[in-house]
Number of protein chains: 2
Amino acid sequence: MDKFYKEGASVFKALGDPRRAMIVDMLSCGELCACKILEKFSISQSTLSHHMKLLCECGLVVGRNEGKWTHYSLSADGIARTKQFLCHITDSKENPIYKNMDPDQCCSK
Amino acid sequence: MDKFYKEGASVFKALGDPRRAMIVDMLSCGELCACKILEKFSISQSTLSHHMKLLCECGLVVGRNEGKWTHYSLSADGIARTKQFLCHITDSKENPIYKNMDPDQCCSK
DNA sequence: GCCTCACATCGAAATGTGTCAATATGAAAA
DNA sequence: TTTTCATATTGACACATTTCGATGTGAGGC
């Protein structure tokens, strides 16, 4: 139960960095190798590697090794799960966990 | 341009905390006052206040003061903008910014 | 007026994150 | 095999974040 929010939030934590959000945007138009991504940022190679690791670990991006190069692309499944989680926590609903919260129980006489 | 990602990422940064994601989930079934939210967590009142401030500042939640109580609810507009941003950076597209990235320019002979 | 209640803010401590230079790894070229 | 190249990992540092107890604030109740 707690794990549900922890895992869902981990993707948002990854997207919570502007550079990583921009990297995801870049990858949305196709697979790119690390060196091409690096060109667009004024960050060191090790920093980019760190960001890519985080994006991969949360399941949003997958890396494909080809010789000495690594090609990164978005994970369709990871994106689908992310959108699903966002809808789950934001769409209006009768949440079973909190449905017995009577608004008159507190905050009124 | 850079501001675009920074603002979009700020919402994800807010949702990147499991407690805050859970609070948003709670609010999705209706307005709640701070005391009711606090009941569901084993955190201090000041910590909750801090989380609510972050959720409000990124535009996802709005607070409504009524006497000495504060009622929190989701911002339909904030949610819409968040979903839009997520789709913008993840949906497959011909991104004008990166469309001239020739995959054969790098990473191949 | 004074007290109480709900919530916000402050200050401090612990932990987490982003970044870099340096170094390691592993594949291909020479 | 030695070198070179692309990427990953390590170690260190600055800064941000989470959390708490203590205190401030502003609205009602006495």
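The basis for the numbers below is simple: all heavy atoms, side chains too, and nothing from hydrogens, waters or symmetry mates. Order of the sequence lines fixes the chain letters, A, B, ..., with proteins taken first and strands second; residue numbering starts at 1 for each chain.
Looking at A:Arg81 and A:Asp77, a side-chain N of the basic residue comes within less than 4.0 Å of a carboxylate O on the acidic one, giving a salt bridge. One finds a salt bridge joining B:Lys83 and A:Asp91 here, because a Lys/Arg side-chain nitrogen approaches an Asp/Glu carboxylate oxygen to under 4.0 Å.
Computed from coordinates, the B:Asn65 CG to D:dG26 C1' distance equals 10 Å when rounded to whole Å. Taking atom CD1 of residue B:Ile37 and atom P of nucleotide C:dA6, one finds them 15 Å apart after rounding to whole Å. For the pair B:Lys53 NZ and D:dT18 P, the computed distance is 13 Å after rounding to whole Å. Protein atom CZ of B:Arg64 is 16 Å distant from nucleotide atom P of C:dA6, rounded to whole Å. Per the geometry, NZ belonging to A:Lys68 stands 7 Å off P belonging to C:dA29, to the nearest Å. As a whole-Å value, the separation of B:Glu57 CD from D:dA16 P is 15 Å. Protein atom CD of A:Glu66 is 14 Å distant from nucleotide atom C1' of D:dT7, rounded to whole Å. Atom NE2 in B:His71 sits about 15 Å away from atom P in D:dA27, given to the nearest Å.
The side-chain contact (heavy atoms from CB on, under 4.5 Å) test applied to A:Ala21 returns B:Tyr5, B:Phe85, B:Ile89, not counting sequence neighbours.
Under a hydrophobic-cluster definition in which Ile, Leu, Val, Met, Phe, Trp and Tyr are linked whenever side-chain heavy atoms come within less than 4.5 Å, directly or via other members, B:Ile43 and B:Met52 are assigned to the same cluster. In the hydrophobic clustering of ILVMFWY residues, with side-chain heavy atoms under 4.5 Å counting as a link, B:Val62 and B:Leu55 come out apart. No single ILVMFWY cluster, assembled from side-chain heavy atoms under 4.5 Å apart, contains both B:Leu86 and A:Leu54.
Residue-environment remark: CD (B:Gln84) stays at or below the threshold of 12 foreign heavy atoms within 6.0 Å.
For A:Tyr72, taking side-chain heavy atoms from C-beta onward, the closest of the listed nucleotides C:dT9, D:dT7, C:dC5 is D:dT7.
Rounded to 10 degrees, the angle between the two end axes of the helix from C:dG1-D:dC30 to C:dA30-D:dT1 is 10°, with five pairs used at each end.
Remark: side-chain polar atoms of A:Ser49 are not paired, donor with acceptor, to backbone N or O of A:Ser46 under 3.5 angstrom.
For an aromatic pair to be called close, the ring centres must be under 6.0 Å apart, and A:His51 with A:Phe41 fails this.
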Whether each nucleotide of nucleotides 17-25 of chain C has a protein heavy atom under 4.0 Å at its base (B), only at its sugar-phosphate (S) or at neither (-) is summarised, 5' to 3', as SSBBBB---

